[in-house]
Amino acid sequence: MRRTLFGVALVWIVWWSTPAILGFCGFYVAKADTKLFNKASQVVLVRDGDRTVMTMANDFEGEPREFAVVIPVPTFLTREQIHVGDKTLVDHLDAYSAPRLVEYFDQNPCARFERRYMAPMAMASAPAPMQDSARGAKALGVTIEATYTVGEYDILILSAQQSSGLETWLRQNGYRIPAGASEVIGSYLKQNMRFFVAKVNLGEQSRLGFSYLRPLQIAYESPKFMLPIRLGMVNAKGSQDLFVYALTRNGRVETTNYRTMKLPADMDLPVYLKQPNEFAGFYKAMFTRQVTAQDGRAVFLEYAWDMKWCDPCAADPLSNDELRRLGVFWTDGGDGRPPNVFLSRLHVRYDGAHFPEDLVFQETADRATFQGRYVLRHAWTGDAACAEASAYRDALRDRRAREADQLARLTGWDLADIRKKMGPDVPVRVEPMWWERIWKK
């Protein structure tokens with residue numbers, strides 16, 4: 001029994017034999033990575049000119065023998081254009097760019113000190129059965145253009161004259177096509193796109209010693225800077241989360257056929273969000289509220305930054321070698337300096353009703369930095385016996401009220417519940433000056 005995933009390693013809709021259900025100084029303290037979201041897929045897009053390297057980290061759970069994936073691709077792929085990647089690289093990129101929680105600690109309001117600034121951080125350094133299948137495919141107008149074994153995957157490159165022939169061939173070879181896929185397949189064929197089909201070769205997987213499915217990477221040249229998502233929605237139940245990490249030379253990446261919105265960021269929130277699971281709950285609630293506010297039709301920017309540095313860093317910057325292995329092909333300068341790489345992290349929650357088209361991207365010249373950053377400011381609770389202490393105490397009450405209102409507005413949570421979790425106002429102790437205590441009776 002083999003389960004097949006149909007899309008772009010996003011949400012899988014075709015299965016084999018049985019259906020699948022599927023500028024800122026501070027102290028970084030927590031991050032909102034992709035693990036917070038169910039049914040979340042990750043794609044890394046390295047793009048320069050017409051050249052693209054795409055890494056697809058699937059979220060498939062199950063026996064490797066049940067896995068297969070069908071992906072529309074804009075051009076023919078040779079064996080050398082296909083690679084099996086390393087999931088830890090995607091995980092590192094995710095951790096580095098994830099929305100983060102940072103904290104500050106208020107200073108003694110009576111103290112006089114010189115204001116200092118932090119400098120930016122520098123970056124650290126074919127068997128016989130396949131022949132029979134090919135003859136059957138030709139009669140249906142389907143061409144098996146190539147067959148490869150790459151790592152633990154057996155791969156086909158297919159083209160077809162019409163969707164009905166391709167659907168028939170897929171069914172005859174053990175794939176079951178869900179209702180609604182025909183129109184989408186036909187639209188890809190009209191664009192002269194091919195289909196990349198990958199299944200796990202259990203013998204090769206055992207020989208290589210891997211117990212999990214590694215990401216697939218493809219490199220190609222095409223003027224199309226896009227990500228096909230429509231096949232992944234044909235039989236999906238509910239919305240899906242997709243994270244796109246775009247690595248480019250010049251600047252921020254945005255979608256051209258959907259709104260690209262920056263998430264609310266860089267604001268003060270109650271310090272209790274530092275408690276375990278509180279920040280995760282906040283971020284999921286806030287993101288859902290933003291999706292609703294945009295009628296479910298927007299793509300959200302979570303991070304945009306030059307990869308030579310970060311402030312604060314949720315993880316160490318990626319090394320030159322890690323960037324190269326993700327596909328940044330302009331790293332091979334030989335001088336040891338960090339390459340010019342700009343990272344855009346996009347997060348989209350999509351379904352068929354709100355995202356009827358594939359995602360189409362463009363690279364802009366905008367290099368302005370942005371990160372989903374949320375600030376906790378801890379009150380100063382030491383001794384204070386100056387005029388500034390009284391003013392600080394009044395300002396602290398106002399600040400806590402704003403933090404509660406801000407959190408309620410972002411999440412839709414009940415304001416009374418938020419204030420209860422925040423607890424009473426933090427007192428500022430007012431004590432006599434040291435010399436007053438000497439002769440105190």
Point to revise | Listed partners of Y245 passing ring pair (Phe, Tyr, Trp, His ring centres under 6.0 Å), at least two apart | key: none

Exercise for review: Kindly write out the residues that satisfy side chain to side chain donor-acceptor pair (under 3.5 Å) with T143, not counting sequence neighbours, or none if the list is empty.
Suggested key: none

Exercise for review: Quick one: pull up CG in N340 and CG in N250 and give me the separation to the nearest 0.5 Å.
Suggested key: 7.0 Å

Review point. Are any of the side-chain nitrogens in D321 or R324 under 4.0 Å away from the carboxylate oxygens of its partner?
Key: yes

Exercise for review: Tell me, please, which residues at least two apart from Q161 pass side-chain contact (heavy atoms from CB on, under 4.5 Å).
Suggested key: none

Exercise for review: Taking all heavy atoms of P317 and all of E322, pick out the closest pair and write down the distance.
Suggested key: O-OE1, 4.5 Å

**Study point:** Heavy-atom check, side chain of L318 versus side chain of M307, under 4.5 Å
**Key:** yes

**Study point:** Derivation of the salt bridge (charged side-chain N to carboxylate O under 4.0 Å, His left out) call for R419 and D405
**Key:** CA-CA 9 Å; R419 288 176 173 166; D405 292 342; 3.8 Å; yes

Check your understanding: Can you name the closest pair of heavy atoms from P99 and Y374 and give their distance?
Key -> CB-CE1, 4.5 Å

Exercise for review: Using only heavy-atom distances, determine whether the side chains of R47 and T248 contain a donor-acceptor pair under 3.5 Å.
Suggested key: no

Check your understanding: On the ring face of F287, is R289 found with NZ or CZ under 6.0 Å from the centre and within 45° of the axis?
Key -> no

Practice item. Work out which heavy atom in L158 is nearest to a heavy atom in W169; give both atom names and the distance. Key: CD1-CZ3, 3.7 Å

Point to revise | Main-chain N/O of F361 paired with E254 side-chain donor or acceptor, under 3.5 Å | key: no

Check your understanding: Atom CD in Q290, atom OG1 in T411: separation rounded to 0.5 Å?
Key -> 10.5 Å

Check your understanding: Is any side-chain heavy atom of V46 closer than 4.5 Å to a side-chain heavy atom of T52?
Key -> no

Check your understanding: Can you check whether L156 reaches Y148 side chain to side chain, under 4.5 Å on heavy atoms?
Key -> no

Exercise for review: Flag the pair V53 / L326 as yes when at least one side-chain heavy-atom distance between them is below 4.5 Å, and no otherwise.
Suggested key: no

Which pairs would a plain distance check flag for residues 190-197, meaning a side-chain donor or acceptor within less than 3.5 Å of a matching protein atom at least two apart in sequence or in another chain?
unit_1: Q191; atom_1: NE2; unit_2: S187; atom_2: O; d: 3.3
unit_1: R194; atom_1: NE; unit_2: E145; atom_2: OE1; d: 2.7
unit_1: R194; atom_1: NE; unit_2: E145; atom_2: OE2; d: 3.1

Check your understanding: About how many Å separate CG of L407 and CZ of R402, when rounded to the nearest 0.5 Å?
Key -> 14.5 Å

Review point. With a 4.5 Å limit on heavy-atom distance, are the side chains of L227 and V244 in contact?
Key: yes

Practice item. Enter the distance from Q371:CD to C313:SG here, rounded to the nearest 0.5 Å. Key: 9.0 Å

Point to revise | Set of residues satisfying ring pair (Phe, Tyr, Trp, His ring centres under 6.0 Å) with respect to F243, sequence neighbours excluded | key: F37, H347

Review point. Do the numbers put R349 on top of the ring of F300, so that NZ or CZ is under 6.0 Å from the six-membered ring centre and no more than 45° off the axis?
Key: no

Review point. Do any N or O atoms from the side chain of D33 and from the backbone of A98 form a donor-acceptor pair under 3.5 angstrom?
Key: no

Practice item. Using salt bridge (Lys or Arg N to Asp or Glu O under 4.0 Å) as the criterion, list what pairs up with D351, not counting sequence neighbours. Key: none

Review point. Considering only heavy atoms from C-beta outward, does the side chain of L269 approach that of L410 to under 4.5 Å?
Key: yes

Exercise for review: Could you tell me which residues satisfy side-chain contact (heavy atoms from CB on, under 4.5 Å) with N201, sequence neighbours excluded, listed by chain and number?
Suggested key: T149, D154, E204

Exercise for review: Using a cut-off of 6.0 Å, state whether more than 12 heavy atoms not belonging to D414 lie near its atom CG.
Suggested key: yes

Check your understanding: Nearest 0.5 Å, what's the CG-CG distance between L247 and D48?
Key -> 11.5 Å

Review point. Does the salt bridge (charged side-chain N to carboxylate O under 4.0 Å, His left out) test come out yes or no for D106 and R399, once each step is laid out?
Key: CA-CA 12 Å; D106 291 349; R399 186 178 83 192; 2.9 Å; yes

Practice item. Over all heavy atoms of both residues, which pair between P228 and P72 is shortest? Give the atoms and the distance, please. Key: CG-O, 3.7 Å

Check your understanding: Can any side-chain N or O of T364 pair as donor or acceptor with the backbone N or O of R252 at less than 3.5 Å?
Key -> yes

Check your understanding: Have S164 and E167 got a donor and an acceptor in their side chains that come within less than 3.5 Å?
Key -> no

Point to revise | Partners meeting side-chain contact (heavy atoms from CB on, under 4.5 Å) with K262 (sequence neighbours left out) | key: L301, F370

Exercise for review: Please determine if D50 and K224 form a salt bridge, counting it only when a charged side-chain N lies under 4.0 Å from a carboxylate O.
Suggested key: no

Exercise for review: Please confirm whether the backbone N or O of W309 pairs with a side-chain atom of W305, one donor and one acceptor, at under 3.5 Å?
Suggested key: yes

Review point. Can any side-chain N or O of S206 pair as donor or acceptor with the backbone N or O of L202 at less than 3.5 Å?
Key: no

Study note, to complete from the structure: Taken in chain and number order and not counting sequence neighbours, the residues that satisfy side-chain contact (heavy atoms from CB on, under 4.5 Å) with Q217 are T55, H83

Practice item. Taking only Lys NZ, Arg NE, NH1 and NH2, and the carboxylate oxygens of Asp or Glu, determine whether E357 and R230 approach each other closer than 4.0 Å. Key: no

Check your understanding: Does T255 reach the main-chain N or O of N257 with its side chain, forming a donor-acceptor pair under 3.5 Å?
Key -> no

Point to revise | Pair E302, Y283: side-chain N/O donor-acceptor within cut-off below 3.5 Å | key: yes

**Study point:** Ring center gap for Y96 and Y303 short of 6.0 angstrom
**Key:** yes

**Study point:** Backbone N/O of G251 and side chain of E363: donor-acceptor pair under 3.5 Å
**Key:** yes

Practice item. Go through the structure and list residues passing side chain to side chain donor-acceptor pair (under 3.5 Å) with R297, not counting sequence neighbours. Key: D295

Point to revise | For Y153, ring pair (Phe, Tyr, Trp, His ring centres under 6.0 Å) partners two or more places apart | key: none

**Study point:** Nearest atoms (heavy-atom pairs only) where A404 meets L415
**Key:** O-CD1, 3.6 Å

**Study point:** Atom of T78, atom of Q81 and distance for their closest heavy-atom approach
**Key:** N-OE1, 2.9 Å

Practice item. Would you check if there is a donor-acceptor pair between the side chains of Y188 and D358 at a distance under 3.5 Å? Key: yes

Review point. Any cation-pi pair here, R51 with F329, using under 6.0 Å and within 45°?
Key: yes

Check your understanding: Do L101 and K31 come close enough that some side-chain heavy atom pair is under 4.5 Å?
Key -> no

Point to revise | 4.5 Å side-chain heavy-atom contact, E103 and L273 | key: no

Review point. Any chance the side chains of T75 and S222 put a donor and an acceptor closer than 3.5 Å?
Key: no

Review point. Which distance, rounded to the nearest 0.5 Å, do you find between the CG of D316 and the SG of C310?
Key: 8.0 Å

Practice item. Identify whether the distance between the nearest side-chain nitrogen and carboxylate oxygen of E278 and K421 falls below 4.0 Å. Key: yes

Check your understanding: Do the side-chain N and O atoms of D86 and T88 include a donor-acceptor pair separated by under 3.5 angstrom?
Key -> yes

Point to revise | Summary of ring-ring contact (aromatic ring centres under 6.0 Å, His included) pairs that have at least one residue in residues 254-276, sequence neighbours excluded | key: Y258-F355

